[in-house]
Amino acid sequence: MRRRSRTVKVGNVKVGGTSPISVQSMTTTDTRDAKATIAQIHGLEELGCEIIRVSAPDMASAKALKEIKQNISIPLVADIHYDYRIALEAAKYVDKLRINPGNIGTADKVKAVVEEAKQRALPIRIGVNLGSLERPLFMKYGYAAEAMVESAMSHIKILEELDFYDTIVSLKASDVPRMVKAYEMFAEKTDYPLHLGVTEAGGKFSGSIKSSMGMGILLSKGIGDTIRVSLADDPREEVRAGWQILKSLGLRKRGVDITSCPTCARTHMDVIKLSEQIERATEKMTKPMHVAIMGCSVNGPGESGKADIGVVGAPGKHLLYRNGKFVKPLKDEEIFDTVVEEIRKEQ
Ligand code: SF4
């Protein structure tokens, strides 16, 4: 059962409560280059990115958020460290601030940012990261989940003392066991919605697996309200991986889900190439559909029978299924176009 968290609105996306678990990513462009950043965000939106975060390391970046916000349709989050003036500027344009109140200086500076967020109805994400723990907590606990939880609680206390509760929290570590423990401990203590992530998880292969493990453990226990897969790769891979995690657990549905066999000596068609081609050709489609691409008749008819569209490899001509029923035979060179056309008809 899903953990009961409060609902926080990020622009037009609700996070927490019974809202769908949303998929986020972060741009890799120079934020001052608004055009490049907008183009990257559009590419991510097409793949299902629902909230986008952008770093604002300086005032010029904060000012560029105005143009960025005007040209995108998903909620925009500004990621800010240390300088409260950047936060005040960014707050004019964005839908959420990612800022740790304990890191932006004196109480009056924190108050100024929090009052601005309140006035503009902007939520704040507290983002605790094991790699940047406050020194006293590191001295007390070392690199431990307990340190992350205590850090998050101290930032929350600052906000609550200013009567601010529209808060989302993340407790990210680059190793899965500590990340899982931190989220589990924190989830017991409060009802603030949780942004899940394994931070600095690595490249596409290892990072996707680490993120799936960490988030999968938590999501399967009902913990987590929004996710970001953090990869040292094109952020489009983060969105693809994020959706795959949610779809794999049956938490969200979106677009074409492909079942394909690993192939073996019985294979009668190039399942691996076809699966990849069909996945890429249909990745911007949004209507949920199940497509099976199977190499032979051992498991092919069973999987195709459960799918909306299926192809089973057979000697000579392959077998096209729709809604579990055989439709017609296909030659090798007809498979890709026919399957994509069948999928398009349903979108
Ligand atoms: Fe091999 Fe057929 Fe199974 Fe594919 S479906 S792995 S080709 S036995």
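Just follow the structure's listing: the first ligand is 1, and inside any ligand the first atom is 1. Hydrogens, waters and symmetry mates are skipped; everything else that's a heavy atom, side chains included, is used.
Near atom 2 (Fe) of ligand 1, less than 2.8 Å away, sit the protein N, O or S atoms Cys296 SG.
A donor and an acceptor atom, one from each side chain of Glu200 and Ser174, are nowhere located under 3.5 Å apart. Side-chain atoms of Thr28 and Gln40 include a donor-acceptor pair closer than 3.5 Å.
Counting heavy atoms from C-beta outward, Gln347 and Arg344 have side chains that stay 4.5 Å or more apart. Considering only heavy atoms from C-beta on, Arg120 comes within 4.5 Å of Lys92 through its side chain.
Considering only residues two or more places apart in sequence or on other chains, Phe326 meets the ring-ring contact (aromatic ring centres under 6.0 Å, His included) condition with none of them.
Heavy atoms only, all atoms of each residue included: Ser19 and Gly16 are closest at OG-O, 2.8 Å.
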